J.: 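This is the structure I want to talk about, given as structure tokens.
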There are 2 protein chains.
Amino acid sequence: MSDRDIMRSSVRHFQRYYSPDIGDALRMDTSTNVLGPHPAALAALSDLSDLNLNQYPSTYSDGLRQTLAEKYGLRPDNFVVGAGSDENIDIICKCFMEWQDSAVVPYPSYSLYDFFINMNGGRVIAVELDDEFQLDVDSMVKAKGKVMIMPSPNNPTGAAFREKDIVEILDRFPGIVVVDEAYGEFTGRSMIPRVDEFDNLIVIKTMSKAYALAGLRVGFSASNLKLADMMSCVKIPYSLNTLSEKAAIAALLDDEFIHRTVRMVRENKPLLEKELQEMGFQTYPTDGNFLLACSPIPHRTLVEGLKAKGVLIRDFGSKRRLENCVRMTIGTKELNDIMLEKMREVISECR
Amino acid sequence: MSDRDIMRSSVRHFQRYYSPDIGDALRMDTSTNVLGPHPAALAALSDLSDLNLNQYPSTYSDGLRQTLAEKYGLRPDNFVVGAGSDENIDIICKCFMEWQDSAVVPYPSYSLYDFFINMNGGRVIAVELDDEFQLDVDSMVKAKGKVMIMPSPNNPTGAAFREKDIVEILDRFPGIVVVDEAYGEFTGRSMIPRVDEFDNLIVIKTMSKAYALAGLRVGFSASNLKLADMMSCVKIPYSLNTLSEKAAIAALLDDEFIHRTVRMVRENKPLLEKELQEMGFQTYPTDGNFLLACSPIPHRTLVEGLKAKGVLIRDFGSKRRLENCVRMTIGTKELNDIMLEKMREVISECR
């Protein structure tokens, strides 16, 4: 008997997650915000005197949900807060999936969806994206699943899905449709204002990307009131800590940093694409703050070579349909120049 | 078809958790530390300049696990960190329980165990504690379960279970045995140093009680390396935020506050018990920082009357075997006196 026979059958194959040895490396591997933490959040954290940290947080993060309601023109009870949108994915699986129910995800896409689906005893049905990494609406709809989860913009490929495709899926798919807008700020579009229109739409968002608060683990879902109430009953009480809630509220009330972030990405994206292409990379269209690119040299050589020079990018080169591809954050001009310079060195050393 | 038919069958009966309207009330309902947040944690949070909050936390909270290893004389890989020990309970259910597997819990005990077991598709087998709210070892062992979960000291009854009973259960029970030492500091004993002796012991701890950091949501499990590795593969990556990890490390390195807290509880417990008894309460022996007591007037009248006077205590009076019982935190002399004075008023108004 293997030691792992005592584990839930659907998780026995799990290995530990990406946990690089970071040191002082320049992190272009996590698609986080390179401008540093949201300044309004930092300001809010500079005074903790009004917080009773010995007491439990608000059970359902009522303060944050009130702020979200005002921001999006919805009600607090449209929102369910999580310790990172990862928790929201977990809640959705636990709330709506029976053992061995199937969940539909596009391929290629975010690998943690599979993790949460399997962890909660479900099966993954992966439906191929088309040649442009867009949704194959018919195939998605016909895949038999209780739940469907997709990020838009898609990660790691970069392009947002067409809203008309998502709406067609919402109309035709018989189960819950989860749209993960982790990188939504960079598109300027969101389905959140439309959640009350659909009986099966859940939008999830993280504050780890444009909001620059990955270290605080804040995420949330927006949906109609019925779905939100069901998820609230299943979520772990007071899972979001008091400090993260306070910082998140401050960040949501101050859009200037988000505008600045989005402008920075939009300005630097074409420059980065051009330089990568000149170096021999094939780049893919992106609507996020990251780029997928096919490397002109073997992906492991590139990624390991960059790491040795103090720059981390993310390696997807061993995955089907992403052969020899890497993903990098779009940084400021200065950060991109450092990364590009080190790439040139690695490529020339390789040849 | 009921709306809730789309939910996982094992969670359709879930309602929202305890979420009182607090205002400025004196909280004697949550068994948290009345001395205020751990001062070393607050000091650590006063300087956030070394934290890159735009980046993800350590995937497995390596800094906190290192500190725990040094404190308990074990290895970092003996520990799995959670956003509150609630997350550790969730991890244990997801890691070791198949759909409809049973989990054994004592009764009466902590109600959230049932929540996590059901949420993860499991069935609860509740085994009665004996007349002194101690373990019925034979019945616990013979209950067929994949996992057993028990708090010691038990919540809400208060007494710790005998270590010899727990060890006998560990030897005889064929599944995983989880000992929840949420209130362990108040007993001066812990099973954590013994985790490598057993192939089936998981100890979980929260920093919400003696460590006075409920608002930061920090918990962890200790177990042998094999069990800890399995749970690490199942836990949500970087679920503990950067600030809570930093504060928890500082708190663990400074025991003076814990000693002061434990002394305060030990000094005030006999006084509180005596005054309650004189008022007509029947008190139960406790090893924690809270007291279970049978009310001399109807429990709802007492709890609602106190609430109207600005004091919250927790009502268990509708539960079998806890008929007319309430649970209150053991506070400082000053806080206990306020609570007792208001109790006297409510009781006299009732008669």
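Below, chain A is the first sequence line, B the second, and so on; all start at residue 1. The shown structure was predicted, so the numbers you read here are calculated from the model rather than taken from an experiment.
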J.: Minimum heavy-atom separation for B:Met119 to A:Ile236, with atom names?
T.: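 Minimum heavy-atom contact is CE-CG1, 4.4 Å.
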
J.: Hey, what do you get for CG (B:Leu53) to CG (A:Leu45), rounding to the nearest 0.5 Å?
T.: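 One finds 7.0 Å between CG of B:Leu53 and CG of A:Leu45.
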
J.: Which answer fits B:Leu216, side chain, backbone, both or neither, if we ask what part of it has an atom under 4.5 Å from a heavy atom of chain A?
T.: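 Looking at B:Leu216, backbone and side chain both touch chain A.
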
J.: At a heavy-atom distance under 4.5 Å, which candidate from A:Ala83, A:Ser58, A:Cys95 has the highest pair count against chain B?
T.: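 Greatest number of close heavy-atom pairs with chain B: A:Cys95.
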
J.: Taking only heavy atoms into account, what residues of residues 242-250 of chain B are found under 4.5 Å from chain A?
T.: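 If one takes a 4.5 Å heavy-atom cut-off, the residues of residues 242-250 of chain B near chain A are B:Thr242, B:Leu243, B:Ser244.
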
J.: Working note: A:Thr59 + B:Arg16, criterion side chain to side chain contact (heavy atoms under 4.5 Å, CB included); need CA distance, chi angles, decisive distance, verdict.
T.: CA-CA 9 Å; A:Thr59 308; B:Arg16 293 200 186 197; over 6 Å; no

J.: For the pair A:Trp99 and B:Trp99, name the ring-plane relationship: parallel under 30°, tilted 30 to 60°, perpendicular over 60°.
T.: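 Correct class here is parallel.
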
J.: State the CE-CG distance between B:Met230 and A:Asp3, to the nearest 0.5 angstrom.
T.: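 The CG atom of A:Asp3 is 5.0 Å from CE of B:Met230, to the nearest 0.5 Å.
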
J.: Checking A:Tyr18 against chain B: side chain, backbone, both or neither under 4.5 Å from a heavy atom?
T.: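 For A:Tyr18, the contact with chain B is made by the backbone alone.
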
J.: Top residue by heavy-atom pair count (under 4.5 Å) with chain B, among A:Lys94, A:Glu87, A:Lys235, A:Gln100?
T.: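 Of the options given, most contacts go to A:Lys94.
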
J.: Going from CG on B:Asp90 to CG on A:Asp90, what distance comes out if it is rounded to the nearest 0.5 angstrom?
T.: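 CG of A:Asp90 is found 6.0 Å from CG of B:Asp90.
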
J.: How long is the straight-line distance from NZ of B:Lys209 back to CG of A:Asn54, given to the nearest 0.5 Å?
T.: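 Here the rounded value is 11.0 Å.
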
J.: Measure distances from A:Leu240 to the heavy atoms of chain B and classify the residue's part below 4.5 Å as side chain, backbone, both or neither.
T.: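 Only the backbone of A:Leu240 comes within 4.5 Å of chain B.
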
J.: Might you work through the side chain to side chain contact (heavy atoms under 4.5 Å, CB included) test for B:Met7 and A:Val234, ending with a clear yes or no?
T.: CA-CA 10 Å; B:Met7 292 178 82; A:Val234 171; 3.9 Å; yes

J.: Given that the side chain runs from C-beta out, which part of B:Gln15 has a heavy atom under 4.5 Å from chain A: side chain, backbone, both or neither?
T.: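 Backbone only.
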
J.: How many angstroms lie between atom CD of A:Glu98 and atom CD1 of B:Ile6, to the nearest 0.5 angstrom?
T.: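 Reported to 0.5 Å precision, the distance equals 12.0 Å.
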
J.: With heavy-atom distances below 4.5 Å as the criterion, would you say the side chains of B:Asn120 and A:Asn120 are in contact?
T.: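 SC-SC contact between B:Asn120 and A:Asn120 confirmed.
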
J.: Nearest 0.5 angstrom please: B:Phe14 CZ to A:Asp229 CG, how far?
T.: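 Output value for this atom pair is 13.5 Å.
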
J.: Go through the atoms of B:Lys146 and report whether side chain, backbone, both or neither lie under 4.5 Å from a heavy atom of chain A.
T.: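 Contact with chain A: side chain only.
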
